[in-house]
Structures are given as structure tokens and as C-alpha cells.
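Here is the structure we will look at, set down as C-alpha cells.
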Amino acid sequence: MPDSSFFDESRDNSLVKSEIVAKYFWAWAKVIIPTAKKWSNKIAYIDLFSGPGRYQDGSKSTPLLILERAIADPDMSQMLVTLFNDKDSNNTQSLQQAIESIPDIGRLTHKPILLNKEVGEEIVQAIKQITKIPTLFFIDPWGYKGLSLALIGAVIKDWGCDCIFFFNYNRINMGLHNTAVEKHMNSLFGKERADNLRGQLESKQPEERELIIVEAISQALKEIGGSYVLPFCFKNEGGNRTTHHLIFVSKNVLGYSIMKEIMAGESSSAKQGVSSFEYNPAPPRYPLLYELYRPLDELENLLLDEFAAQTMTMEQIYNQHHVGKRYISKNYKEALKKLEQQGKIIAAPPASKRRKYKGEITFGEKVTVTFLPK
């Protein structure tokens, strides 16, 4: 049975998780709606483990944030189809009551659909039948039961369909060596990869285990068509152990770029302006070591190595280089400004002819950069 205490209070990381999903939904919808109007005139949000409408402290869960945003937007209120599922009938009843209490809920053309099913093969097959409706899927199981490569592959199969899912690292780390849940682990990673993981993880230290496991799920997602994968890490209250990741998967680089900006903004820390892609409720324990790692300096060196003797715009540099890295657009602009100041690149127009914003010289996307030969 699920641990209902999960919803007893809206912990900080639950709020951060809801904010990431709700912010991405809004940005995703704005990009998708113009094309969706030419198709079915529908977009969808599907939450397969929706939980109740509110936490016990009264704060809103993700479904309510999504619906309230949709009501306020003329296009979304007409186009949005929502489906919320939870196998716990207490949760669906609580969510139903919360939805009915939303002011102006009747403005939505499509009434929210609530289901009370266990996520398994039946749900996977039903999702496979959905076509030509761009959909954002949120999959947030209690542990890992119901979460599978087959499910994620089904939800991202069509254009405009992205997935955000909860990856319970703690439980999965333990489950990989638990024969009682071997079937679930094989469904999540694929049997061959899961078997390889079990061998790889023997005698590995905790930090190395985490890197291996997250890399394994990322590669598995790419093999089923999820070209762009972006994990966001959550730490425990002591800040010394990972509890879970929120993982974004898409076929579209624009969605990836949008989510990267959102996750960067929700990160609890940044070094040299480079976000950690992590929510850690505890402050850094070792501030000196924390500052010694300088990721923006590292980016400067990466750019000098990769683009030596080439000429291209800032936008082209970003698009060619950022996938698989936690740098966002503003980090590239900062790195290029520093390289220009150091005389290691030539920018056109030069700094003296570019506009200022809040006293700082800008580095626009169309600025041309010439890298010196090595």
C-alpha cells in the first residue's frame, strides 16, 4: 500500500517538483498550441499517479496548478484535455472534490477525466491508441511499480509528446539487488541492462553507484526514442544523500532547452552562475571546496578546444554544444564575454559596439565568434 504520509505535508522538494512540472506545462503549451490548432484542436495533460488535490497543509498538488493555469488562458481553456489517474480511490475522491472547488472550473471545454486504475499493460495499450494529440505526461509513482520503458516509450511516441517522471533513486538502488522486485527492475531498465547494472554496482561507492544508475536509465531512454534526457536531483534534508530524481525525456531539442532553463531556475545553488540541477535543502558543508570547482572556467576551455579556428554565431555555438551538459544560454554568453575580454576570441560586432543592459555589455545570439587556432 502507498505511504499516505507522503502527502501529509508539502515538503520543499514536493513544491519544487510541482513548480518544475507546472512551469514546463505552460511553456510547452505555448509552443505546441499553434500546430495543435491545425490538427485536433486539442492538447493534453495526463498524470498517471495523480494523488490527492491538496497536501494536508492546504497547498495545491500539480493537477490543481495545471487546471488553474488552463482556466486563465483562452486557448488552453478551449483545447486542454486532462486525465488524472490514481489506483487509490481516496486520492481520486479527494482530487475530484478539489477540482470541483476551483473557481470557474466550468470554463474548461473538456471536463477533467478521473480514473481509478493500476498502471500496467492495459494503460500502456490505451496510450498507444492516442494519436495526433500533443500530450505532456507526468508519471510520479510511489516507488517504481508501473514505471517501465514500455510505458515511457508509448507516451513519447508522437510529435509534441513529452514525459516527466519521478525516478525514486533510493528504492531503485536497493531494488536492483532484490530478487523479489527483479521483474520491475527489468521493466524499467530492460533485462540485459538491468543484469549488467547488477554486476557493475558490486563494491561501488554511493556516489559512483548513483552516476552509473542515472546514466543507465538515460541510455535506456535514448534507445526507445527519448533523444533528450535531463535529470534533476533531490537531496534529503541533511543534504548528504540523493532521494530521487525528476527526469525529463523528449524527442525535441526545443523542449529540452526550455526544461533546462526551468530546472536551472529551480536549482538550490549555482557556481559561477552555472546551476547545479539539484534541489538540496542543506547549505554546502564545505564552502571552500564548493567554490574551488569553477564550471564556467571549464566551459571556456571546452569551447576553445571544440571550436578552435571556427567562426559561428553565439546561437550556433549553443545549439551545437549544450545537449548533455548543464549549461544554459546565459552561461555561454558569459563564457564568450570572458574569452573576448581575454583576447582568446574575436567577436563581431565587438564589445565596444554592442549595447549595454543594466550597465553590462550584452552578447546577443547573432554575435559572430571567431575562435583562434590552437
Tell me if the [atom1] atom of [X] is crowded by more than 12 foreign heavy atoms within 6.0 Å.
| X | atom1 | value |
| --- | --- | --- |
| K204 | NZ | yes |
| Q342 | CD | yes |
| Q205 | CD | no |
| K337 | NZ | yes |

Minimum-distance pair of heavy atoms, taken over all atoms of [X] and [Y]:
| X | Y | answer |
| --- | --- | --- |
| K42 | A36 | O-CB, 3.7 Å |
| I213 | Y169 | CD1-CE1, 3.6 Å |
| S218 | V229 | OG-CG1, 3.7 Å |
| P141 | L147 | CG-CB, 4.2 Å |
| G190 | L149 | N-CD1, 3.8 Å |
| Y332 | H321 | OH-ND1, 2.7 Å |

Going by the rule salt bridge (charged side-chain N to carboxylate O under 4.0 Å, His left out), which residues pair with D104 if we only count those two or more places apart in sequence or in a different chain?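 Salt bridge (charged side-chain N to carboxylate O under 4.0 Å, His left out) check on D104 returns R107.
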
A cation-pi test, strictly: NZ or CZ of K30 under 6.0 Å from the centre of the six-membered ring of W28 and no more than 45 degrees from its axis. Yes or no?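 No cation-pi geometry.
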
Find out whether the Lys NZ or Arg CZ of R171 is both under 6.0 angstrom from the six-membered ring centre of Y144 and within 45° of the ring's axis.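 R171 over Y144 ring: yes.
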
Are [Y] and [X] linked, directly or through intermediate hydrophobic residues, by side-chain heavy-atom contacts shorter than 4.5 Å (ILVMFWY only)?
| X | Y | answer |
| --- | --- | --- |
| L296 | I361 | no |
| L115 | L48 | yes |
| I33 | W39 | yes |
| I317 | V367 | yes |
| F137 | V81 | no |

Regarding [X] and [Y], do their side chains bring together a donor and an acceptor under 3.5 Å, going by distance alone?
| X | Y | value |
| --- | --- | --- |
| Q125 | E121 | yes |
| K235 | T242 | yes |
| Q316 | Q320 | no |
| N170 | R241 | yes |
| T313 | T368 | no |
| E278 | S267 | no |
| N236 | N240 | yes |
| T370 | T311 | yes |

Quick one: do D75 and K37 satisfy side chain to side chain contact (heavy atoms under 4.5 Å, CB included)? Show the steps, please. CA-CA 9 Å; D75 283 331; K37 284 182 176 179; 3.1 Å; yes

What I want to find out is whether [X] reaches [Y] closely enough, with some N-O distance under 4.0 Å, to be called a salt bridge.
| X | Y | value |
| --- | --- | --- |
| E266 | K17 | no |
| D73 | R69 | no |
| E340 | R354 | yes |
| E261 | K330 | no |
| K251 | D158 | no |
| R193 | E223 | yes |

Set out, in order, the CA-CA distance, both residues' side-chain angles and the distance that settles side chain to side chain contact (heavy atoms under 4.5 Å, CB included) for V119 and L151, then state yes or no. CA-CA 9 Å; V119 176; L151 174 61; 4.0 Å; yes

Calculate, to the nearest 0.5 Å, the distance between atoms [atom1] and [atom2] belonging to [X] and [Y] respectively.
| X | Y | atom1 | atom2 | answer |
| --- | --- | --- | --- | --- |
| D195 | L176 | CG | CG | 10.0 Å |
| M314 | L336 | CE | CG | 6.5 Å |
| N252 | S257 | CG | OG | 8.5 Å |
| I328 | M263 | CD1 | CE | 13.0 Å |
| I172 | L197 | CD1 | CG | 10.5 Å |
| K222 | I217 | NZ | CD1 | 12.5 Å |

Please list all pairs meeting ring pair (Phe, Tyr, Trp, His ring centres under 6.0 Å) that have one or both residues in residues 350-374, counting only residues at least two apart or in different chains.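 Residue pairs passing ring pair (Phe, Tyr, Trp, His ring centres under 6.0 Å), neighbours aside: F307-F371.
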
Can you tell me which residue pairs pass the salt bridge (charged side-chain N to carboxylate O under 4.0 Å, His left out) test with a partner in residues 365-374, sequence neighbours excluded?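 Qualifying pairs: E315-K366.
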
Under 3.5 Å, is there a donor-acceptor pair between the side chain of [X] and the main chain of [Y]?
| X | Y | result |
| --- | --- | --- |
| E122 | E118 | no |
| R355 | T362 | no |
| K23 | S18 | no |
| N301 | E298 | no |
| S50 | N85 | yes |
| S77 | L108 | no |
| D86 | G51 | yes |
| K260 | Y327 | yes |

Under 6.0 Å between the ring centres of F248 and Y24?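 Under 6.0 Å, so yes.
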
Mind telling me whether H244 and F234 have parallel, tilted or perpendicular rings, with 30° and 60° as the class edges?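 Taking H244 first and then F234, their aromatic rings lie parallel (interplane angle under 30°).
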
For the residue pair F167 and F165, does the interplanar ring angle fall in the parallel (under 30°), tilted (30 to 60°) or perpendicular (over 60°) class?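 Judged by the thresholds at 30° and 60°, the geometry between F167 and F165 is perpendicular.
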
Assess whether side chain to side chain contact (heavy atoms under 4.5 Å, CB included) is satisfied between W26 and I262, documenting all intermediate values. CA-CA 11 Å; W26 177 257; I262 292 168; over 6 Å; no

Determine whether I43 and T135 make a side-chain contact, defined as any pair of heavy atoms from C-beta on separated by less than 4.5 Å.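 Sidechains of T135 and I43: no contact.
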
Check step by step if side chain to side chain contact (heavy atoms under 4.5 Å, CB included) holds for D47 and L83. CA-CA 6 Å; D47 187 337; L83 186 153; over 6 Å; no

Please report the C-alpha distance between F166 and H245 in whole Å, then the side-chain angles of each, then the deciding distance to 0.1 Å, and finally whether the ring pair (Phe, Tyr, Trp, His ring centres under 6.0 Å) criterion is met. CA-CA 6 Å; F166 181 93; H245 293 81; 9.8 Å; no

Could you go step by step and tell me if Q219 and E215 meet the side-chain hydrogen bond (donor to acceptor under 3.5 Å, both in side chains) rule? CA-CA 6 Å; Q219 291 302 323; E215 177 66 19; 2.8 Å; yes

